[in-house]
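To keep things clear, I will list the structure first and then write my remarks on it.
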Amino acid sequence: MAFVIEMLNITKEFPGIKANDDVTLQLKQGEIHALLGENGAGKSTLMSVLFGLYQPEQGIIKVRDKEVVIKNPNDANDLGIGMVHQHFKLVHNFTVTENIVLGYEDTKKGFLQLDNARKRIKELSEQYKLRVDPDALIENISVGQQQRVEILKMLYRDSEILIFDEPTAVLTPQEIQELMKIMKRLVSEGKSIILITHKLNEIKAIADRCTILRKGKYIDTVEVKSTSNEVLAEKMVGRKISFGVEKTPAKPKETILKVEEVSITDYITQKIVVKNVCFEVKRGEILTIAGIEGNGQTELIHGITGLKPLTKGKVILKEQDITALSIRQKSLSGISHIPEDRQKHGLVLEYSLENNLILQNYFTTQFQNRGFFKFDNIRDHAEKLIERFDIRSGKGPLSQVRSMSGGNQQKAIVGREIDRNNDLLIAVQPTRGLDVGAIEFIHKQLIQERDQGKAVLLISLELDEVMNLSDRILVMYEGEIVGEFDPQKTTENELGLYMSGSKRGKQQ
Amino acid sequence: MRELIDLIYFLFPLFIATTVPLSIVALGGLFSERSGVVNIALEGIMIMGGFIGIIAMRALIENTELNLQIIAFIGLFTGATFGMLYALAHAFASITMKSNQIISATALNMFAPAMSVFIARTFWNTSNLNLMGNYTISKVPILGDIPIVGQLFFTNAYLSTYIGIIIFIVATAVLYKTRLGLRIRSCGENPHAADSLGVNIYRVRYIGVLISGALAGMGGVIFVLSFATRFSGSVAGFGFLALAVLIFGQWHPKKIIFAALFFATMRVIADTYSVIPGLNMIVMPREIYRMLPYIATLVVLSFASKRSRAPRAVGEPYDPSKR
Ligand SMILES: Nc1ncnc2c1ncn2[C@@H]1O[C@H](COP(=O)(O)OP(=O)(O)OP(=O)(O)O)[C@@H](O)[C@H]1O
Ligand SMILES: [Mg+2]
């Protein structure tokens, strides 16, 4: 069978790192080809080369057996290559239609013809069941809808080769199901897809073949049907991975965090997003709040950590009322927080890695003396965390965080927060976008924290993570806690019913 | 009653004459900033455009018999052209060379008055270039006869007012109805998105800065035509005021008009308080009135900046390898 795309012996370097080192990828007509690799293995880079965003130092690209040079996204477009980026590339204050036509506009006598475009977008979105309102502003639609806009962008340009860079990392389970159906439909129409994902189940479910990268190098290309998850994972990280999580039963002790009748009203929409929530987290247990995205979990955590004011209620940490304290005082009184939006609340992207690792305690005497930094200590601290949490980057402590891969950004935050050694660790989706190796690692860290007598509050959308890690589970639906469960005695199915609001119990 | 009407007829043209250059120059700033390049060089570009425009008009008056309105038209055009050329320096520094946009613009702001005074002294032995002639149109045929409206808008008016209004409408249409406008707006908000769709960021930003140069250069000539009979290397802070208008107007053409009207009101009051009944009764040092537009700028901006809607990527040189 003929290849539509051949990337042969591609090498792409960034300062200090070979992101792709002699990598080969061959895409067959009409297949879904998965690209698997750890965080920072160079998957996004390889796809950016194919899409014309980066120029490789070595290697050739062939499209339908013809050698081509792809200098910019326009060239990629002309060759029928389209891409949904890991971090969406949308203009927030444009409408859906404007975003889709940008760069490919129809004009008549110099004026934009948006009406035709809107009609075409409506047709496409009906044909592929990609429901979006063509006139909505991007900033007002959900992440799932934004992704549909990205897909429509490719379809609008009649792309034949579609690249999806971690499309499922930001979606709810239902949305993932829908996306998979759409992808199947696209290949059945003769299009070819390259899919990047860290979730082996997804690869198993829809991919035909899978190419594996490790630390920038090509490892193998395998038929998915005849390869087990274990083998895939092993090829990817270079060692055996345990999928289950090993842990002993929890031995909960005294209460660390107590949340009393907390309500939060969103000040923009004036909607009550958190209603009368009460719960406790004890020393030595992992309490998980499960729920579908957008049911108030984000706001609840913002309320506890101080990013958002409470409308009503109290937050009590170790018998001390911290409701009215400032964010820094709260954090100093014993809260470690791995935030949901790592780029917005967790990191200063322009800073170096070592500076990001002291964001929570740069003012302590460990790192400064009368206002002057102790650079040696800062460097030692960074090197210690890099080593312990396996944070990979081009230039070590001096790497600009923006240039690091998404997964390694996450590891940096996890390392910083765990290292602070506080009694309460709040982890909001700590494994979003991470590879299986890194997930295993972070899970182990969370359990270790628990075993050392910390209280862990985990927010997660992934049901298997919820089932594997928790000692107790609360389900949140429309701002309320609708049930409490023991992971030993419940099933994913039951949780799902509560999460979607089809069932509800009395509060605690 | 009669007096009040006369007063309005007296103040209104002043009011328009202030609003038009303010909004044109602010609109210029808008093109630059919505394409992603901060342009605080508006003041310098106005000076440069105004200066060269005046030189051209003086030459025409001395050497030809052309109608004054035609001369004014040529003056505006010349101002726009040289404003554009001058802005090219800012574009080159901040887009191609990725230098700091504030510094490159500050350089232009400092260079323009110095150079215009230097040239004027070298060639004409004075730093004040006089501009002969009365450029008002005493009455526009037909339209000027409409009661009230005719009086207000079509008598004792400047050609530049009409040109300014037309340009404002055209420019707004370009921004919102054309391909170029769509691309300019996308480059100021999310250049990475635009780049991934094959839009040439560098080219679009050059165009944005050049448009702002043309509008600011023309604004400089309009300023001199309507306020001064001579040019002495300054536009009285109009460029900076236009920047304030741009921010107060939230980078949006319609709101810019209102912002310009507001600042124009302040300025007209500052200039004419002594003839406005009520105000001339309050005994205050004249300096206080004079300060009014600038104090208003401070106050208004400190409130407006709270809900600022600045283009997200404004001020950052585009670097494709960032993500
Ligand atoms: N623009 C850049 N400048 C410098 N280094 C970069 C840049 N882009 C990527 N890198 C480095 O290249 C390596 C590969 O990054 P890439 O984003 O391709 O990883 P990835 O496989 O997509 O990882 P993830 O699963 O976390 O998204 C990383 O070590 C990253 O730090
Ligand atoms: Mg990636």
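Hydrogens, waters and symmetry mates are skipped; everything else that's a heavy atom, side chains included, is used. Residue numbers start from 1 in every chain, and the chains themselves are labelled A, B, ... in the order their sequence lines are given, proteins ahead of strands.
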- If only atom types and distance count, is the side chain of B:N190 paired as donor or acceptor with the main-chain N or O of B:A193 below 3.5 Å? yes
- Hey, does the side chain of A:E160 reach the backbone of A:K191 with a donor-acceptor pair shorter than 3.5 angstrom? no
- Message: At a heavy-atom distance under 4.5 Å, which candidate from A:N72, A:L90, A:L53 has the highest pair count against chain B?
- Response: A:L90
- chain B contacts, top residue of A:N74, A:L114, A:L112 (heavy-atom pairs, under 4.5 Å): A:L112
- Show your reasoning for whether side-chain contact (heavy atoms from CB on, under 4.5 Å) applies to B:W251 and B:V314. CA-CA 11 Å; B:W251 291 264; B:V314 74; 5.7 Å; no
- Query: Are A:K215 and A:E38 ion-paired here, with the side-chain N under 4.0 Å from a carboxylate O?
  - Reply: no
- Check B:I163, B:V20, B:I257 against B:F168 for a side chain to side chain contact (heavy atoms under 4.5 Å, CB included) and give me the one that passes. B:I257
- Note on the structure: Greatest number of non-hydrogen atom pairs under 4.5 angstrom with chain A, of B:S196, B:A313, B:P191, falls to B:S196
- Note on the structure: Among residues 91-106 of chain A, those lying within the under-4.5 Å heavy-atom range of chain B are A:V91, A:H92, A:N93, A:F94, A:E98, A:N99, A:V101, A:L102, A:G103, A:Y104, A:E105
- Item | Pairs touching residues 186-214 of chain B that satisfy salt bridge (charged side-chain N to carboxylate O under 4.0 Å, His left out), sequence neighbours left out | none
- Message: With ring pair (Phe, Tyr, Trp, His ring centres under 6.0 Å) as the criterion, how do A:F14 and A:Y54 come out once you've worked through the C-alpha distance, each side chain's angles and the decisive distance to 0.1 Å?
- Response: CA-CA 10 Å; A:F14 289 114; A:Y54 297 142; 5.2 Å; yes
- Query: Can you say whether B:R312 sits under 4.5 Å from chain A via the side chain, the backbone, both, or neither, judging by heavy atoms?
  - Reply: side chain
- Query: Considering residues, nucleotides and ligands other than A:Y156, do more than 12 of their heavy atoms fall under 6.0 Å from its OH?
  - Reply: yes
